[in-house]
Amino acid sequence: MTGAGLLPWEVLPPWKVRLLENIQELSVERAHLLRRGYPTYTSGNDSEFQIQSWHSRLRTLDAIRGDAEIHARAEEVPPQWIEAARTLGRHGVRWAERDPAPPRPPRGPEARRAWVLNTLADDVWQLEHMAALTAARRARLAAQGIHSEPDPLLASQFHNNMTAIWQRACQLAVAVDLLDSERGQLWDRNARGWDALLTATVHTYDEDTLEERWLTHAWPGIEREARDVVDNLRDSIDRSHDQVLYADRLPPRPQQLIQHAIHHWWHNTADDGVGHATRAEPDDAAVIAALPDELEWSTEPEPGAAPSPQEPGHEP
């Protein structure tokens, strides 16, 4: 609980509460593996593999939980709730076993709506994180005197991935009747929110970590998976009535997010130790103008890809 005595699910939207649940459940899983999953030694050729496999699984769980905590901090989840979820999990307490108990998972139509909101929140987070990675990577390349994309094929795939994720997020937004307050919670990130995101992510990444995360998000499978979901969602949407897709009711486009990330990269006032505030701060327009063509986003789909949502307009 916070100092005001409130519980996370009394304050946070459900998709942010889910981040805490993930942290706690991952901590439980790791604690169980640590205390009960230690392999029994047997002489033989595979004894080294057994201990290395156990150790590797522990490190994998650490990495996944670490990413979950980064996400939670980027979404401004109070640090004391993140720490409480991690600590309870380390002691083997599952989310449903908390006292007081959290609300039970929704059922029926509400369960589908919760799935859509959670998936939409994940997509918006991935887009914002990729925008931050783009801004940070461009700035670090420029600091090294590199002003053109050193790997255009991967950069193009990164661009395609962002486009596909954005299209999926748009279809998810159409699939559920979002409240204005939900839209605000999901993608109206203000200056403080961008500061929190950058501080939790790219301001903590060294050069190798930044490149590793950028390459991870450039994986071609991301685009294929996103487009498959778009196709399935379009097949399932009720077409008995027109659905108006105005731009202000859809998630921000990738280029908008990149521009926000660039702006706050240079103007963030948090003391993150990266030293970006000590560099000369270029005009935002000049930085954006210097971006390569592959960052100019188009709604035109790739050949054979599903078309993007129309805005404004009507779902056909």
Applying a strict under-4.5 Å side-chain criterion to I, L, V, M, F, W and Y, I'd like to know whether Leu33 and Phe49 cluster together.
no
Are Leu7 and Leu88 co-members of a hydrophobic cluster defined by side-chain heavy atoms under 4.5 Å apart?
no
Expected output: side-chain Glu97 to main-chain Arg94 donor-acceptor under 3.5 Å:
yes
Testing the basics here: between Arg98 and Ala85, what is the closest heavy-atom pair and its distance to 0.1 Å?
NH1-CA, 4.2 Å
Same apolar cluster: Trp219 and Ile64, side chain cutoff 4.5 Å
no
Has Lys16 got a side-chain atom pairing as donor or acceptor with Val77's backbone, closer than 3.5 angstrom?
no
Around atom CD of Glu211, are there more than 12 heavy atoms from other residues, nucleotides or ligands closer than 6.0 Å?
yes
Output, in order, the C-alpha distance, side-chain angles, deciding distance and verdict of side-chain contact (heavy atoms from CB on, under 4.5 Å) for Phe158 and Asp151.
CA-CA 11 Å; Phe158 189 97; Asp151 200 332; over 6 Å; no
Salt bridge present between Arg65 and Glu29 (N-O < 4.0 angstrom):
no
So with a 6.0 Å cut-off around CH2 of Trp54, is the heavy-atom count from everything else above 12?
yes
Does any N or O in the side chain of Gln24 come within less than 3.5 Å of the main-chain N or O of Glu21, such that one atom is a donor and the other an acceptor?
no
Answer yes or no: is there a side-chain heavy-atom contact under 4.5 Å between Met130 and His159?
no
Is the backbone N or O of Ser43 less than 3.5 Å from a side-chain atom of Ser47, with the two atoms forming a donor-acceptor pair by type?
no
In terms of the angle between their ring planes, are His71 and Trp125 parallel, tilted or perpendicular, with boundaries placed at 30° and 60°?
parallel
Reported CD-to-CE distance for the pair Glu128 and Met162, which is rounded to 0.5 angstrom
9.5 Å
Would you tell me whether Asp122 and Thr119 have side-chain atoms, one donor and one acceptor, within less than 3.5 Å of each other?
no
Which pair of non-hydrogen atoms, one from Ala173 and one from Pro251, has the smallest distance, and what is that distance?
CB-CD, 4.3 Å
Distance in Å, Arg227 CZ paired with Ile222 CD1, rounded so as to fall on 0.5 Å steps:
12.5 Å
Any side-chain donor-acceptor pair under 3.5 Å between Gln52 and Glu48?
yes
Cluster check Trp187, Trp15: I/L/V/M/F/W/Y, side chain < 4.5 angstrom:
yes
How far apart are the C-alpha atoms of Tyr205 and Leu133, what are their side-chain angles, what is the distance that settles it, and do they pass the side-chain contact (heavy atoms from CB on, under 4.5 Å) test?
CA-CA 10 Å; Tyr205 300 162; Leu133 290 170; 3.8 Å; yes
Answer whether the closest heavy-atom distance between the side chains of His55 and Gln50 falls below 4.5 Å.
no
Using a strict 4.0 Å threshold on nitrogen-to-oxygen distance, state whether Glu76 and Arg192 make a salt bridge.
yes
Of all heavy-atom pairs between Leu197 and Ala74, which one has the smallest distance, and what is that distance?
CA-CB, 3.9 Å
Given side-chain contact (heavy atoms from CB on, under 4.5 Å), test Leu20 with Leu12 step by step and report yes or no.
CA-CA 10 Å; Leu20 292 171; Leu12 302 175; 4.1 Å; yes
Once the angle between the rings of Trp9 and Trp95 is folded into 0 to 90°, is it parallel (under 30°), tilted (30 to 60°) or perpendicular (over 60°)?
perpendicular
Flag side-chain contact, heavy atom, 4.5 Å: Leu257 against Trp166:
no
Has Asn190 got more than 12 heavy atoms of other residues, nucleotides or ligands less than 6.0 Å from its CG?
yes
Using a strict threshold of under 4.0 Å (side-chain N to carboxylate O), is an ion pair present between Arg30 and Asp62?
yes
CG (Leu179) and CG (Leu186) are apart, to the nearest 0.5 Å, by 10.5 Å
Is there a salt bridge (charged side-chain N to carboxylate O under 4.0 Å, His left out) between Glu25 and Arg18 once you walk through the steps?
CA-CA 10 Å; Glu25 291 297 315; Arg18 181 178 59 95; over 6 Å; no
Report the relative orientation of the aromatic rings in Trp194 and His264; use parallel for angles under 30°, tilted for 30 to 60°, perpendicular for over 60°.
parallel
Give, for atom CD of Glu83 and atom CD1 of Ile23, the distance between the pair rounded to the nearest 0.5 Å.
10.0 Å
I'd like to know if Val124 and Trp115 are part of one continuous hydrophobic network [Ile/Leu/Val/Met/Phe/Trp/Tyr, side-chain heavy atoms within less than 4.5 Å].
yes
Check this for me: Arg57, atom CZ, are more than 12 non-hydrogen atoms of other residues, nucleotides or ligands nearer than 6.0 Å?
no
When rounded to the nearest 0.5 angstrom, what distance separates OG in Ser181 from CG in Asp188?
11.0 Å
How close do Trp265 and Ala139 get, counting heavy atoms only, and between which atoms?
NE1-CB, 3.3 Å
Do the side chain of Ser156 and the main chain of Pro152 share a donor and acceptor less than 3.5 angstrom apart?
no
For the pair Arg73 and Thr201, evaluate side-chain contact (heavy atoms from CB on, under 4.5 Å) and give the outcome as yes or no after the intermediate values.
CA-CA 9 Å; Arg73 291 197 300 273; Thr201 59; over 6 Å; no
So, do Arg213 and Asp67 sit near enough that their side-chain heavy atoms are less than 4.5 Å apart?
yes
Could you give the distance from CG (Leu127) to OG1 (Thr163), rounded to the nearest 0.5 Å?
9.0 Å
Taking all non-hydrogen atoms of both residues into account, name the closest pair between Val93 and Val28 and its distance.
O-CG2, 3.3 Å
Between Arg140 and Asp206 (salt bridge meaning N to carboxylate O under 4.0 Å), is one present in this structure?
no
Can you see which heavy atom on Ala261 is nearest to which on Leu198, and at what distance?
O-CD1, 4.3 Å
Apply the test side-chain hydrogen bond (donor to acceptor under 3.5 Å, both in side chains) to residues Gln144 and Glu207: give CA-CA distance (whole Å), side-chain angles for both, the deciding distance (0.1 Å), then the verdict.
CA-CA 12 Å; Gln144 299 169 12; Glu207 185 175 348; 3.2 Å; yes
